[in-house]
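Below is one structure, written out as structure tokens, with a few remarks after it.
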Amino acid sequence: MRSTLSKKQVYALADVNSMYASCEQVFNPKLRGKPIVVLSNNDGCIIAQSKEAKAILDIYMCRPWFELEKEAAKLGVIAMSSNYELYADMSNRFMDTLRQFSPRVEVYSIDESFLDMTGINKDLNVYGQTIKNTVKQWTGLPICVGFGHSKTLAKLANHCAKKQLIFNGVCDLTSITSIT
């Protein structure tokens with residue numbers, strides 16, 4: 001009986017933090033560190049928000065702007081009309097940058113991609129930091145990276161990387177053998 005070694009699949013999920021708001025901050029440095037929201041077509045609803053806006057407003061996706069406009073103005077929140085051409089261009093730059101790190105990149109959405117990391121023999125925490133730092137340097141976009149043995153676990157790891165400061169934007173769940 002012949003035994004075969006199988007390599008476990010390893011995926012990374014790279015996700016831009018607050019994509020639309022981050023794009024606005026890249027191209028308008030005066031907005032960096034300020035609370036901003038990005039509004040939908042015709043400026044009807046909030047479709048994105050910077051981390052600074054999230055910290056001071058109780059906002060949920062697609063909330064009508066008129067409901068928060070006065071409170072937001074008092075708090076210094078800056079509202080931006082959406083610029084989909086800019087976001088698409090920045091998304092393409094983001095995806096092109098990710099292709100430097102894996103030959104197999106699956107675009108999941110405008111601000112998220114799965115990278116097949118199977119067979120890449122590197123310390124994933126270090127590699128994730130390299131991916132994160134390179135994307136920041138080449139595009140100006142802040143990202144988080146999560147690693148897992150399935151796309152679902154990579155998505156969970158990315159969520160942990162975003163929410164838990166201890167991970168510094170990169171979370172590797174591939175070393176966990178079981179979750180109970």
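- Identified under the ring-ring contact (aromatic ring centres under 6.0 Å, His included) test for residues 21-53, with sequence neighbours left out: none.
- Pairs passing the salt bridge (Lys or Arg N to Asp or Glu O under 4.0 Å) check and including a residue from residues 71-94, sequence neighbours excluded, read Asp89-Arg93.
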Can I get a per-line list of side-chain donor-acceptor pairs under 3.5 Å for residues 125-136, giving both atom names and the distance, sequence neighbours left out?
residue : atom : partner : partner atom : Å
Tyr127  : OH   : Phe101  : O            : 2.8
Gln129  : NE2  : Asn168  : O            : 3.0
Thr130  : OG1  : Val126  : O            : 3.1
Lys132  : NZ   : Asn168  : O            : 2.8
Asn133  : ND2  : Gln129  : O            : 3.1
Thr134  : OG1  : Thr130  : O            : 2.7
Lys136  : NZ   : Gly140  : O            : 3.4

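- With sequence neighbours excluded, no residue satisfies side chain to side chain donor-acceptor pair (under 3.5 Å) with Asn158.
- With sequence neighbours excluded, the residues satisfying side chain to side chain contact (heavy atoms under 4.5 Å, CB included) with Arg99 are Met95, Asp96, Val105, Val107.
- In terms of the ring pair (Phe, Tyr, Trp, His ring centres under 6.0 Å) criterion, residue partners of Phe114 (sequence neighbours excluded) are, by chain and number, Tyr108.
- With sequence neighbours excluded, the residues forming a salt bridge (Lys or Arg N to Asp or Glu O under 4.0 Å) with Lys151 are Glu106, listed by chain and number.
- In this structure, Trp138 shares a hydrophobic cluster with no other residue, the cluster being traced through Ile, Leu, Val, Met, Phe, Trp and Tyr side chains under 4.5 angstrom apart.
- Tyr87 is linked by a side chain to side chain contact (heavy atoms under 4.5 Å, CB included) to Tyr20, Cys23, Glu24, Val38, Ser82, Asn83, Tyr84, Ile110, counting only residues two or more places apart in sequence or in another chain.
- Lys34 is linked by a side chain to side chain donor-acceptor pair (under 3.5 Å) to nothing, counting only residues two or more places apart in sequence or in another chain.
- Among residues two or more places apart in sequence or in another chain, the side chain to side chain donor-acceptor pair (under 3.5 Å) test is passed with Tyr11 by Gln9.
- Grouping Ile, Leu, Val, Met, Phe, Trp and Tyr residues whose side-chain heavy atoms lie under 4.5 Å apart, directly or via other members, leaves Phe66 alone, with no other cluster members.
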